[in-house]
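A short write-up of the structure that comes next.
So you know, we letter chains A, B, ... as the sequences are listed, proteins then strands, and number each from 1.
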Amino acid sequence: MTQFIIRRTFYALISLFILSVTIFAIVRLTGDPVTMLAEPGARAEDLDRLRAEWGLDRSWPVQYLTFAKNVFTGDLGKSFNYQMPVSTLYFQRLPASLQLALAATFISFIIGIPAGLISAVKVNSAWDNAGKVVALFGLAVPGFWLGLVMILIFSVWLGWLPTSGQGGILHLIMPSVALGWYFAASLLRLTRSSMLEVMRSEYIKLARLKGLPGYVVIAVHAFKNALIPVLTLAGINLVVMINAGVIIEVIFAWPGIGRLLYEGIFQRDFPLVQGVVIQAGIMIVLINLTIDILYAYIDPRIRLAK
Amino acid sequence: MTALLEVRDLQAHYVSFGGERVVKAVEGVSFTLEEGETLGVVGESGCGKTTTCQAIVNLLPPPGRIVGGSIAFAGEELTRKSQREMRHIRGAQIAMILQDPMASLNPLFSIYRQVSEPAYYHRALRGRGLRERVRELLNAVRIPSPAMRMREYPHQMSGGMRQRIVGAIALAGGPRLIIADEPTTNLDVTIQAQYLDLLKELQDKTGVAIIFITHNLGIVARMCDKLAVMYAGKIVEAGTVRELFNAPRHPYTKALLGSMPKLGSKEKLLAIPGHPPDLATLPPGCAFHPRCPEALPTCATAEPPEIQVIGSWSARCWRAEPQEISATDATTDSAKDIHAAAAVGD
Ligand SMILES: Nc1ncnc2c1ncn2[C@@H]1O[C@H](COP(=O)(O)OP(=O)(O)O)[C@@H](O)[C@H]1O
Ligand code: SF4
Ligand SMILES: [Mg+2]
């Protein structure tokens with residue numbers, strides 16, 4: 001088990017390294033941030049002075065090493081635009097994104113998992129067909145479109161819900177449905193296919209042959225096995241939602257990380273973009289590690305392996 | 001006294017494409033099994049053996065359905081029971097052992113949990129009584145240090161041990177009938193032999209009746225009292241193991257005996273030329289006629305009736321004839337033959 005965790009951590013570090021190099025190079029391909037951030041009509045010397053101040057006059061390898069060294073010491077750099085440490089900005093925005101992502105995860109769970117279960121247990125029935133339509137709709141209809149339609153109906157016409165911003169539970173409803181929508185559909189599909197596969201297995205046949213009550217066969221023997229892939233997807237979904245709810249956050253003026261990233265990209269705020277992406281990468285890695293450990297908890301084949 | 005299991009004219013079909021394709025997997029199967037008896041069922045793959053078993057416990061995979069006949073278990077008609085009522089029969093009265101021991105055990109639950117379930121649900125055992133029962137069962141199937149082993153998981157056991165655990169699960173509810181569907185196919189030879197001995201021993205102890213489905217006539221000679229030979233959804237010959245081994249009447253039984261592998265050999269009984277027919281498009285007349293070395297002209301047009309050879313010995317063949325009552329002394333040679341057959345495997 002310890003060895004398993006050490007191995008996973010090692011792989012995680014490698015993926016973070018690749019991610020950091022990639023994002024470092026990509027932001028630098030978007031252009032010169034100085035022209036974006038300096039006042040119009042600034043003199044060439046002033047621009048050079050800014051470049052020197054931000055370290056952009058040095059070679060890429062030197063810049064990367066500085067960036068990497070700082071990340072290791074927990075310093076994600078300082079935003080050009082805000083003149084504040086990126087991690088401060090990130091953690092300022094995190095609660096808003098986390099709130100939205102958790103609400104969206106909750107919505108995707110209460111729709112996706114039961115619907116997937118029913119579809120699988122009543123395969124090819126009207127229930128299953130309804131589930132298929134929901135899944136198709138969920139995957140085909142983009143969340144931002146759904147968001148706009150909801151704003152139109154519930155805010156503009158009916159006036160029931162606030163259009164934007166963060167506040168009480170009413171503010172949370174539309175953005176979390178818009179964000180969780182796609183993930184509900186993907187969870188539905190995965191739960192269904194995973195359950196169907198498990199239900200065909202010999203051990204489910206044997207569970208029935210033992211004369212166990214139907215709910216024990218489905219909810220205990222089958223569901224626990226079917227949950228393994230669903231759990232991975234749910235964990236990854238959560239991280240993706242926290243860090244990449246960009247469009248939804250912009251539409252609903254939600255003051256989260258997605259919108260921070262969006263601003264950073266538009267202003268060529270290199271440290272901000274790099275920092276947010278690396279922070280997201282670290283979170284994905286941590287969540288994956290947590291999921292692996294959870295797996296081990298569910299699955300004795302992993303838990304008891306040397 | 002009523003028989004333990006009496007199956008009459010059982011028909012089970014798989015109907016698909018809105019009724020266009022009908023696979024007549026079981027078409028008029030009848031047999032009787034007494035308390036404590038062992039019936040062997042042999043036949044090539046796809047002749048309806050598994051479907052027959054699944055029909056008995058009323059767990060046919062969709063689109064399978066029982067379309068006719070009756071199944072009386074200890075005098076109770078099973079075909080009219082609801083799934084809820086059947087639940088109290090499955091595992092409690094009729095248990096089943098499946099072919100693949102690794103796949104039959106749930107990887108996420110402990111051996112204790114899996115062995116204890118039938119006793120928990122059917123015998124209302126709880127707590128210490130349940131633990132004691134599981135320990136006894138594991139002991140009975142010769143799992144070493146059962147108190148420790150029952151806390152382990154399937155992946156920690158060898159193939160032979162897993163198969164024995166599946167056996168313990170079958171016994172856990174205290175059934176009167178165990179249906180074993182090719183239970184040793186995936187085991188290696190020595191383990192196979194040990195497993196068969198164990199089953200026999202457990203049967204002697206508990207008096208449970210067994211239906212033993214197998215490809216292997218060596219196993220039948222070793223384990224069974226009676227034998228039913230299936231072909232294309234029908235029992236084409238049935239009788240005591242003695243009768244059928246000594247003087248088979250049906251050309252298909254003769255062919256199977258002719259291609260008999262050694263006990264434990266992985267080789268399947270496929271030495272008979274040709275293939276079994278597609279059960280959705282059966283040939284007219286006797287289903288075996290395209291492959292039958294003794295076919296008569298009538299065989300291609302008219303289906304042979306079931307001929308009673310003598311006693312409970314029957315055959316579905318135009319060539320089969322009732323036997324004269326005086327010929328009972330045949331049994332003395334047949335005993336010799338069975339020993340010869342069983343010896344092949346040892
Ligand atoms: N789920 C199913 N759907 C459709 N046909 C099936 C199904 N299961 C079995 N069959 C068909 O029923 C016939 C008998 O199969 P089976 O009872 O498994 O035979 P055996 O156990 O003797 O090998 C075969 O022709 C097989 O193709
Ligand atoms: S009925 Fe005819 S074809 Fe069928 S087994 Fe007998 S002899 Fe052969
Ligand atoms: Mg079979």
Side-chain angles (χ1 to χ4, degrees), chain A residues 1 4 119-129 191-192 194-232 291-306, chain B residues 50 53-54 56-63 83-111 113-123 151-156 162 165-166 169-173 175 178-179 181 186:
Chain A
M1 190 68 198
F4 166 81
S119 288
V121 173
K122 307 242 174 255
V123 68
N124 294 331
S125 68
W127 285 103
D128 189 21
N129 290 333
T191 306
R192 178 180 183 275
S194 171
M195 269 305 273
L196 281 179
E197 194 183 317
V198 171
M199 302 271 278
R200 271 197 300 270
S201 69
E202 291 289 295
Y203 56 81
I204 294 303
K205 248 186 243 169
L206 189 67
R208 289 195 195 287
L209 287 166
K210 282 174 175 177
L212 304 184
Y215 70 87
V216 174
V217 176
I218 290 167
V220 180
H221 280 260
F223 188 56
K224 193 169 177 189
N225 280 278
L227 202 58
I228 292 179
V230 173
L231 199 64
T232 324
I291 291 170
D292 284 339
I293 293 168
L294 266 179
Y295 268 7
Y297 177 72
I298 293 185
D299 192 337
R301 286 166 297 188
I302 302 175
R303 181 180 352 125
L304 301 173
K306 297 276 147 42
Chain B
T50 297
C53 302
Q54 289 168 333
I56 292 171
V57 290
N58 206 342
L59 270 183
L60 285 169
Q83 284 297 328
R84 198 190 180 83
E85 291 169 315
M86 279 309 291
R87 206 165 65 56
H88 298 292
I89 305 253
R90 296 196 279 257
Q93 304 280 325
I94 305 178
M96 205 149 157
I97 296 177
L98 300 174
Q99 183 175 340
D100 188 341
M102 188 63 214
S104 306
L105 295 175
N106 193 326
L108 303 188
F109 292 94
S110 68
I111 300 301
R113 163 96 196 213
Q114 301 191 55
V115 176
S116 68
E117 274 172 333
Y120 180 95
Y121 287 102
H122 300 303
R123 310 188 109 200
R151 285 199 295 268
E152 296 188 355
Y153 289 85
H155 74 278
Q156 293 167 293
R162 282 180 223 138
I165 284 165
V166 172
I169 292 174
L171 291 170
I178 293 178
I179 301 174
D181 192 353
N186 290 336

With a 4.5 Å cut-off on heavy-atom pairs, point out which of B/Ala95, B/Pro107, B/Gly91 contacts chain A the most.
B/Pro107
Is there a side-chain contact (heavy atoms from CB on, under 4.5 Å) between A/Val220 and B/Phe109? Walk through the geometry before answering.
CA-CA 10 Å; A/Val220 180; B/Phe109 292 94; 3.5 Å; yes
If you count heavy-atom pairs under 4.5 Å with chain A, which of B/Val166, B/Ile169, B/Ile89 comes out on top?
B/Ile169
Can you tell which of B/Leu105, B/Ile97, B/Ile179 has the highest number of heavy-atom pairs within less than 4.5 Å of chain A?
B/Leu105
Side chain, backbone, both or neither: which part of B/Gln83 has a non-hydrogen atom closer than 4.5 Å to chain A?
neither
Would you say the ring centers of A/His221 and A/Tyr203 fall short of 6.0 Å from each other?
no
Quick one: does B/His122's side chain have a donor or acceptor within less than 3.5 Å of a partner on B/Gln93's backbone?
no
If you count heavy-atom pairs under 4.5 Å with chain A, which of B/Leu98, B/Ile94, B/Val57 comes out on top?
B/Leu98
For chain A, find which of B/Pro118, B/Ala92, B/Pro61 contributes the most heavy-atom pairs closer than 4.5 angstrom.
B/Pro118
Among A/Ser201, A/Pro213, A/Ala207, which has the most heavy-atom pairs under 4.5 Å with chain B?
A/Pro213
Do other residues, nucleotides or ligands put more than 12 heavy atoms under 6.0 Å from the CD atom of A/Glu197?
no
What's the verdict on side-chain contact (heavy atoms from CB on, under 4.5 Å) for B/Leu59 and A/Lys205, showing C-alpha distance, side-chain angles and the deciding distance?
CA-CA 9 Å; B/Leu59 270 183; A/Lys205 248 186 243 169; over 6 Å; no
Decide yes or no on side-chain contact (heavy atoms from CB on, under 4.5 Å) for A/Leu212 and B/Glu117, but give the supporting numbers first.
CA-CA 8 Å; A/Leu212 304 184; B/Glu117 274 172 333; 3.6 Å; yes
Applying a strict 4.5 Å limit to non-hydrogen atoms, the region of A/Val198 in contact with chain B is neither
Which atoms of B/His88 approach chain A - backbone, side chain, both or neither, heavy atom under 4.5 Å:
neither
Let me see the working for B/Gln99 and A/Glu202 under side-chain contact (heavy atoms from CB on, under 4.5 Å), right down to the final yes or no.
CA-CA 9 Å; B/Gln99 183 175 340; A/Glu202 291 289 295; 5.5 Å; no
